[in-house]
S.K.: 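Quick one: this structure, given as structure tokens, is what I'll be asking you about.
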Amino acid sequence: MIVKPAALKPGRRAVIGMGLGLAALGLGARSPAGAQGQPTLYFSAIPDDDETRLMQRFSGVAAYLERQLGVPVRYVPVKDYAASVVAFRNDQIQLGWFGGLTGVQAQLAVPGSQAIAQGDEDARFVSYFIAHESTGLQKSDGFPMGARGMSFTFGAQTSTSGRLFPDYYIRKETGEAPDQFFSRVGFSGDHAQTLRLVSTGAYQVGALNYTVYEKAVAEQAPEVATTRVIWQTPPFPDYNWTIRGDVDARFGEGFIEKVRAALIGMTDPALLESFPRKAFIPTSNEAYQPILETGRALGLLD
């Protein structure tokens, strides 16, 4: 799929790495070796949920990978999407569970890096546009033109499903930039916060990762009582595991493929629910070419 937005105005570029040191990342100095003299594999994930839930989600994943790989594995929390890419670039993490856009940013930042696995759902991901019940907007197969003049929130500024493709489709369907079509445009920071802000009416409309909304529905979260899905985007590639290309030199020949096999072999439903995904499947950098082209068209990638 090749996505080429027409008549796009340059957006703000995602500046990766400027002014972000170890303190900003929340990362201290790290020894390259584990307690037994083995190198430690550090991984992180884009913070698309609150920090407490992220720690709960990924502690079990770290333990699983440690058993499968035979090396110490540690999960490293980061404060925002950009910080995950900075940590990857600076070799503070060697493996990342990235969104589509942050994964491409990581691959550009560290030549030789590879997208090695994605969720079964990630080859054809979608964003939901949701609205507060007071708007009167209803679900439609077409873009919700009735949202013109309302307030709107994206998620994080470099989120694939919370910003990149919602931004692209707003422009494609309306012929206008988001701040022209909507009366007020904000960035919530993550998908769960987008849902909260729309549920309270702080913003009338928002765009978010569809799995976050479906999970909220399944858990009967109070936020779904005052919100409704009004539109979903066409599918696009999204989340992926990306690994630095130099890990074979550090952990031994074939380590990249060993990590890929461990991820694809993750079948424990409790671990998969951490993402949440049904399964992981192989992928490659080439699968994310639509992200690269759309990100450049919107001015989010150089």
Side-chain angles (χ1 to χ4, degrees), residues 5 9 11-12 46-54 57 80-81 99-101 121 124-236 238-239 275-276 294 298 300:
K9 292 186 176 181
R12 282 200 293 182
I46 55 170
D48 57 0
D49 206 340
D50 66 72
E51 186 172 340
T52 300
R53 291 190 63 162
L54 288 169
R57 283 167 57 181
D80 57 32
Y81 282 49
L101 180 57
E121 300 88 340
R124 294 181 60 81
F125 211 78
V126 299
S127 298
Y128 279 171
F129 279 53
I130 61 171
H132 190 269
E133 61 181 358
S134 64
T135 64
L137 295 172
Q138 300 293 329
K139 189 172 184 179
S140 170
D141 291 335
F143 185 85
M145 297 299 291
R148 179 183 294 277
M150 294 183 180
S151 57
F152 176 87
T153 183
F154 292 110
Q157 293 193 30
T158 54
S159 170
T160 307
S161 55
R163 194 279 175 86
L164 180 68
F165 281 102
D167 191 327
Y168 164 70
Y169 282 110
I170 290 167
R171 296 171 188 265
K172 180 177 184 293
E173 298 295 330
T174 70
E176 300 177 66
D179 59 0
Q180 295 171 320
F181 183 77
F182 296 104
S183 61
R184 177 167 59 98
V185 175
F187 292 89
S188 71
D190 65 61
H191 302 292
Q193 182 68 354
T194 295
L195 177 54
R196 285 191 286 269
L197 290 172
V198 176
S199 73
T200 64
Y203 285 90
Q204 293 168 290
V205 183
L208 77 169
N209 174 332
Y210 85 98
T211 67
V212 172
Y213 194 84
E214 293 296 341
K215 184 177 178 65
V217 171
E219 294 177 347
Q220 298 183 322
E223 290 84 359
V224 302
T226 56
T227 60
R228 60 184 60 145
V229 177
I230 57 172
W231 187 64
Q232 72 177 47
T233 65
F236 51 84
D238 204 347
Y239 291 74
F275 295 91
T294 305
L298 289 174
L300 297 173

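Keep in mind that what you see is a predicted model, and the values were worked out from it rather than measured. For the numbers below, each heavy atom of this structure counts, side chains included, while hydrogens, waters and symmetry mates do not. Numbering of residues begins at 1 and proceeds along the displayed sequence.
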S.K.: Identify the heavy atoms of Phe187 and Gln157 that sit nearest to each other, and give their distance.
M.R.: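 Heavy atoms only, the tightest pair is CD2-CG, 3.4 Å.
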S.K.: What distance do Thr158 atom OG1 and Ile46 atom CD1 have between them, rounded to the nearest 0.5 Å?
M.R.: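 Atom-to-atom, Thr158:OG1 and Ile46:CD1 are 8.0 Å apart.
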S.K.: Evaluate the side-chain proximity of Thr227 to Tyr213: yes if any heavy-atom separation is below 4.5 Å, no if none is.
M.R.: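 Result yes, sub-4.5 Å side-chain heavy-atom pair found.
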S.K.: Has Arg171 got a side-chain atom pairing as donor or acceptor with Pro178's backbone, closer than 3.5 angstrom?
M.R.: no
S.K.: So which atom in Ile170 and which in Thr174 form the shortest heavy-atom distance, rounded to 0.1 Å?
M.R.: O-OG1, 2.6 Å
S.K.: Does Gln204 use its side chain to pair, donor to acceptor, with the backbone of Ser151 at less than 3.5 Å?
M.R.: yes
S.K.: Centroid-to-centroid, Phe152 to Phe129, below 6.0 Å?
M.R.: yes
S.K.: Check whether Trp231 reaches the backbone of Tyr128 with its side chain - one donor and one acceptor, N or O, closer than 3.5 Å.
M.R.: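 Side chain of Trp231 to backbone of Tyr128, a donor-acceptor pair under 3.5 Å: no, none is there.
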S.K.: Could you grab the distance from atom CG of Leu195 to atom NZ of Lys215, nearest 0.5 Å is fine?
M.R.: 13.0 Å
S.K.: Could you tell me whether a side-chain N or O of Ser199 sits under 3.5 Å from a main-chain N or O of Arg196, the two making a donor and an acceptor?
M.R.: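 Yes, the answer is positive, given that a donor and an acceptor are paired below the 3.5 Å cut-off.
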S.K.: Side-chain contact test, heavy atoms from C-beta onward, threshold under 4.5 Å: evaluate it for Gln138 versus Ile230 and give yes or no.
M.R.: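 Heavy-atom side-chain distance check fails, nothing below 4.5 Å.
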S.K.: Compare all side-chain heavy atoms of Thr160 with those of Tyr239 and state whether any distance is below 4.5 angstrom.
M.R.: no
S.K.: Is the Phe143-Tyr169 ring centre distance short of 6.0 angstrom?
M.R.: no
S.K.: Which heavy atom of Gln232 sits nearest a heavy atom of Val126, and at what distance?
M.R.: NE2-CG1, 4.2 Å
S.K.: Can you find a pair of side-chain heavy atoms, one from Thr211 and one from Pro276, that are under 4.5 Å apart?
M.R.: yes
S.K.: Please check if the number of heavy atoms outside Glu219 that lie under 6.0 Å from its CD is greater than 12.
M.R.: yes
S.K.: How many angstroms lie between CG in Asn209 and CD in Glu121, if you round to the nearest 0.5 Å?
M.R.: 10.5 Å
S.K.: What distance separates Arg148 CZ from Gln180 CD, expressed to the nearest 0.5 Å?
M.R.: 9.5 Å
S.K.: Please determine whether side-chain contact (heavy atoms from CB on, under 4.5 Å) holds for the pair Leu137 and Arg228, giving the CA-CA distance in whole Å, both sets of side-chain angles, and the decisive distance to 0.1 Å.
M.R.: CA-CA 8 Å; Leu137 295 172; Arg228 60 184 60 145; 5.6 Å; no
S.K.: With side chain to side chain donor-acceptor pair (under 3.5 Å) as the test, would you mind laying out the steps for Thr194 and Ser188 before giving the verdict?
M.R.: CA-CA 5 Å; Thr194 295; Ser188 71; 2.6 Å; yes
S.K.: Under the 6.0 Å and 45° cation-pi test, does Arg184 pair with Tyr203?
M.R.: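 Because its charged atom sits under 6.0 Å from the ring centre and within 45° of the axis, Arg184 does stack over Tyr203.
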S.K.: State whether Phe154 and Arg163 meet the cation-pi test: NZ (Lys) or CZ (Arg) under 6.0 Å from the six-membered ring centroid, and within 45° of the perpendicular axis.
M.R.: yes
S.K.: Rounded at 0.5 Å granularity, tell me how far OG in Ser127 sits from CZ in Phe236.
M.R.: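 The distance works out to 3.5 Å.
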S.K.: Do side-chain atoms of Ser159 reach the backbone of Gly155 as a donor and acceptor pair under 3.5 angstrom?
M.R.: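 Such a contact is absent between Ser159 side chain and Gly155 backbone.
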S.K.: What is the minimum heavy-atom distance between Ala131 and Val198, and which atoms define it?
M.R.: C-CG1, 3.7 Å
S.K.: Within a strict 4.5 Å, meaning less than it, do heavy atoms of the Thr294 and Leu164 side chains meet?
M.R.: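 Contact flag for Thr294/Leu164 side chains = yes.
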S.K.: Specify the closest pair of heavy atoms between Ser161 and Pro166, including all atoms of both residues, with the distance to one decimal.
M.R.: O-CG, 3.2 Å
S.K.: As an exercise, state the distance from CD1 of Ile130 to CG of Leu197, rounded to the nearest 0.5 Å.
M.R.: 9.5 Å
